[in-house]
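In what follows, a single structure is set out as structure tokens and then discussed.
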Amino acid sequence: MDITKIIDPLNDSQRLAVTAPSQAMLVLAGAGSGKTRVLVHRIAWQIQVEGVSAHSILAVTFTNKAAKEMRGRIEDLLGIPAHTLWIGTFHGLAHRLLRRHAKQVKLPETFQVMDSGDQLRVIKRLLTTLNLDDAKWPPRQLQWYINAQKDEGIRARYMAATDDMYQRQMLAIYRAYEAFCDRSGLVDFAELLLRAHELFRENPDVLEFYRQRFRQVHVDEFQDTNTIQYAWLRLLTDGKDNLFVVGDDDQSIYGWRGAKIENIYSFQRHYPNHQIIKLEQNYRSTGNILKAANQVISMNDGRMGKELWTDSGDGDLISLYAAFNEQDEAYFVVERIRAWVNEGGARSDAAILYRSNAQSRQFEEKLMATGTPYRVYGGLRFFERAEIKNALAYLRLMSNRNDDASFERVINTPTRGIGAKTLEDIRKIAREQSISLWAAAIVLINQGDLPGRASNALTGFLNLIKRLTEQSEDMELYEKVKLVVEKSGLVELYKKEKMEKGEEKIENLEELVNAARLFDFTQDQESEENLSELDMFLAHAALEAGEMQGDDIDDCVQLMTLHSAKGLEFKLVFLVGMEEGLFPSQQSVDDAGRLEEERRLCYVGMTRAMLQLHLTYAESRRLYGRESYPRPSRFLREIPGQYIQEVRMRATVSHPITAVKTKTSSLQVTSTYKLGQRVGHSKFGEGVVLQMEGEGAHERVQINFKQAGVKWLMLAYAQLKTL
DNA sequence: CCTCGATATATTTTT
DNA sequence: TATATCGAGG
């Protein structure tokens, strides 16, 4: 047996974690310290050396991407496919359990998964039904409230009524929402987890079965688990000392959506026989970046304690640029990226990280203007697009006619002459008789007192769904999807829309058919053989919303929020908008706990950088149409000056916060150039000065190069020669 | 039923 | 500032 492949690539701490005997284990893995490697090798070790069957191993992640990567790497390491290995996201695994045990958790076989968009829609609909003003009861807040309760494992029926009117109303809505979901066979994301927990808690035999089956349980990004996820893990592993978790308290950045960093602390109480191993050697960043990041994070209280180090050198200093305004900031960043690319760097190795999405625009504009390919993460995802959701709603209705959310969605999309009045009648009957909208529609037609036209339209809709169901019965999955796309009238609807938009939507629908054709329903066969291909595809669409838009085919500059950057790495990183009120965000500054999370976010951002880290802030920023003059972020002050090189040239270079801005620039270049002056540039060759603007470090000149054409250059970097 | 204009509203995101 | 959503009116 060749175990060197598993052991050799590991450092001492990693090896300790990988080869430890079965026991409760907490691996505190710093950024870039090889946490996935430990998890992958640990599992391979158990299979190959400890003789644990892949069938008896469970590994849980947060994202599908992480799950996929882990499975891939384990299979690579073992050299064989490991399809009996249960590895997936909390939600994916919960879903699998609920499908297998639908009866025990009182769900219909064809229950459908709602994404957050669906959920919001349902809540809005519910408010209208309950005659509540959605200005007074903002749907988003209600959604937040409901999910927060569920994340804590709290069901509406177990909540005591309070005297507080507001609380009472919220609870009433939560109740109504639960009732609606039950009636329609709909399950939201939080519900997947909650019900999977209840499955274990209320069915000792089921729980015992899985406790027996899973001899080893592994969890990735443990610091991101919420209350219900951890409770679920505990049911599965209590008293068994077989829980192996990997996480980093310093990278907990999802507290605002229920993640409990405390779970790391509780782990030590709940599993008294645990062992803790710290991974502190970093294989990603240079020494300066790590030392600076260590300093920043050390400002937080109550850490587990961890200090990253590297045995590769200090590297470059971190650069800090004080931009005049957000335009200048973008200009600086884009120029730096161009310089990087000119020197042979790949664009995809450069990332611009910001605190909030609204900041991306200025960079996009500048990148666009310079013709630099870029990619923005975080847009609408494929399965979340309206046209896709419409098509899926038809499919869902075919699978489960009680799915009222889907019924509402497509009954009049495209418009087919079913008016608000008819719809209201249907809802009324559904409410009175506690039946689905579909059933209510049939009742309404049979009553016969509907105006002829409305009755025909409604019958037409019901028949359409029935026809689609019958016709597609023996079809392949992709043919079903194709049939729906063609016969639902969606294509005709989008053909009528403004050329470009409509065109794109039709293309997306075609892409959906294609996705169905490529859908690999064999990959989860082990557990879901009783599920129809269609239902598997629908679940896949909800649980894995697909890649964000854009292709990775091109060599693109990467733009994303700090949150989405977690887990990624780039040679060149720009952390922009380092300003009080922006980062840390205004909402976090007067709450110690939230401020610490912002600091962890800063730590995450800094540790994304492999070679170069550039920090920027603007002295003046236009945001939401308002001009503001923010102070530099406190996080900048927390980085010792010795790791920083200020890019702005000033008379006196000192610490950024304390430095007084002087008008006297150290760069008296303004007089050097005149309009029409002939200059030389190392890359662009010879040219003539056309315009100048800005002062000091901000001074830019426009030059008409003989070869390269007209360009704006920043004097501080251009290294021009007068000719 | 659709279009236009008024209005609110703007961290962070995966599942 | 930009966008999304909603209600009135053609």
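Naming: A, B, ... by sequence-line order, numbering from 1 per chain.
Taking the six-membered ring for Trp and thresholds of 30 and 60 degrees, A:H614 and A:F574 have nearly parallel ring planes, at less than 30 degrees apart.
The nucleotide C:dA8 finds its pairing partner in B:dT3, both defining distances of the Watson-Crick or G-U wobble pair being shorter than 3.5 Å.
Residue-level contact check: A:S585 touches the bases, meaning some heavy atom is under 4.0 Å from a base atom.
Following rounding to the nearest Å, A:R626 (CZ) and B:dT9 (P) show an atom-to-atom distance of 16 Å. For A:H540 and B:dT15, the NE2 to P distance is 11 Å, given to the nearest whole Å. Rounded to whole angstrom, the span from the CD atom of A:Q327 across to the P atom of C:dT1 amounts to 13 Å. Distance, A:L120 CG to C:dT5 P: 9 Å, rounded to whole Å. Rounded to an integer number of Å, the gap from NZ of A:K566 to P of B:dT11 is 22 Å. The interatomic distance linking A:K496 (NZ) with B:dT3 (C1') rounds to 15 Å, in whole Å. With rounding to whole Å, A:M114 atom CE is found 19 Å from B:dT14 atom P. Look at CG on A:D133: it is 14 Å from C1' on C:dG7, rounded to the nearest Å.
If you check B:dT13, B:dT15, C:dT1 against the side chain of A:Y624, the one that comes closest is C:dT1. Distance from the side chain of A:N64 is smallest to B:dT15 among B:dC2, B:dT15, B:dT11. Of all nucleotides listed (B:dT12, B:dT11, B:dT15), B:dT11 comes nearest to the side chain of A:S588. Looking at the side chain of A:T561, the nearest of the listed nucleotides B:dT11, B:dT15, B:dT13 is B:dT13. Comparing atom distances between the A:H91 side chain and each of B:dT15, B:dC1, B:dT13 picks out B:dT15 as nearest.
Remark: A:Y254 is not in phosphate contact with B:dT11, judged by side-chain N or O atoms under 4.0 Å from OP1 or OP2. Distances shown here put a side-chain N or O of A:N357 below 4.0 Å from the OP1 or OP2 atom of B:dT13. For A:T63 and B:dT14, the shortest distance from a side-chain N or O to OP1 or OP2 is not below 4.0 Å. Put simply, A:R622 has a side-chain N or O that comes within less than 4.0 Å of OP1 or OP2 on C:dT1. Within the structure, a side-chain polar atom (N or O) of A:R361 is placed less than 4.0 Å from OP1 or OP2 of C:dA2.
For the pair A:S406 and A:A393, the tightest heavy-atom approach, listed with the atom from each and the gap, is CB-O, 3.6 Å.
Heavy-atom distances to DNA chain B give each of A:S116 and A:Q587 a nearest nucleotide, and the one nearer the 5′ end belongs to A:Q587. The 5' end of DNA chain B is approached more closely, in terms of each residue's nearest nucleotide, by A:L493 than by the other of A:L192 and A:L493.
Aromatic ring centroids of A:Y166 and A:W137 lie under 6.0 Å apart. Ring centroid separation for the pair A:F222 and A:Y230 comes in under the 6.0 Å cut-off. Note: A:F407 and A:F461 meet the aromatic proximity criterion, with ring centroids under 6.0 Å apart. Checked against a 6.0 Å centroid threshold, the rings of A:Y254 and A:H563 count as neighbours.
Taking the centre and axis of the six-membered ring of A:W144, the NZ or CZ atom of A:R257 falls outside the cone set by 45° and 6.0 Å. By the 6.0 Å and 45° rule, A:R599 does not stack over the aromatic ring of A:Y603.
Side chain A:R257 to base B:dT14: a donor-acceptor pair is found below 3.5 Å.
A gap of 23 Å separates the C1' atoms of C:dT5 and B:dT12, to the nearest Å.
Environment of CZ in A:R201: crowded, with over 12 heavy atoms of neighbouring residues, nucleotides or ligands closer than 6.0 Å.
Base orientation of B:dT11: syn, the glycosidic angle falling within 90° of 0.
Contacts between residues 590-603 of chain A and DNA chain B, defined by a heavy-atom separation under 4.0 Å, are made by A:R594, A:E598.
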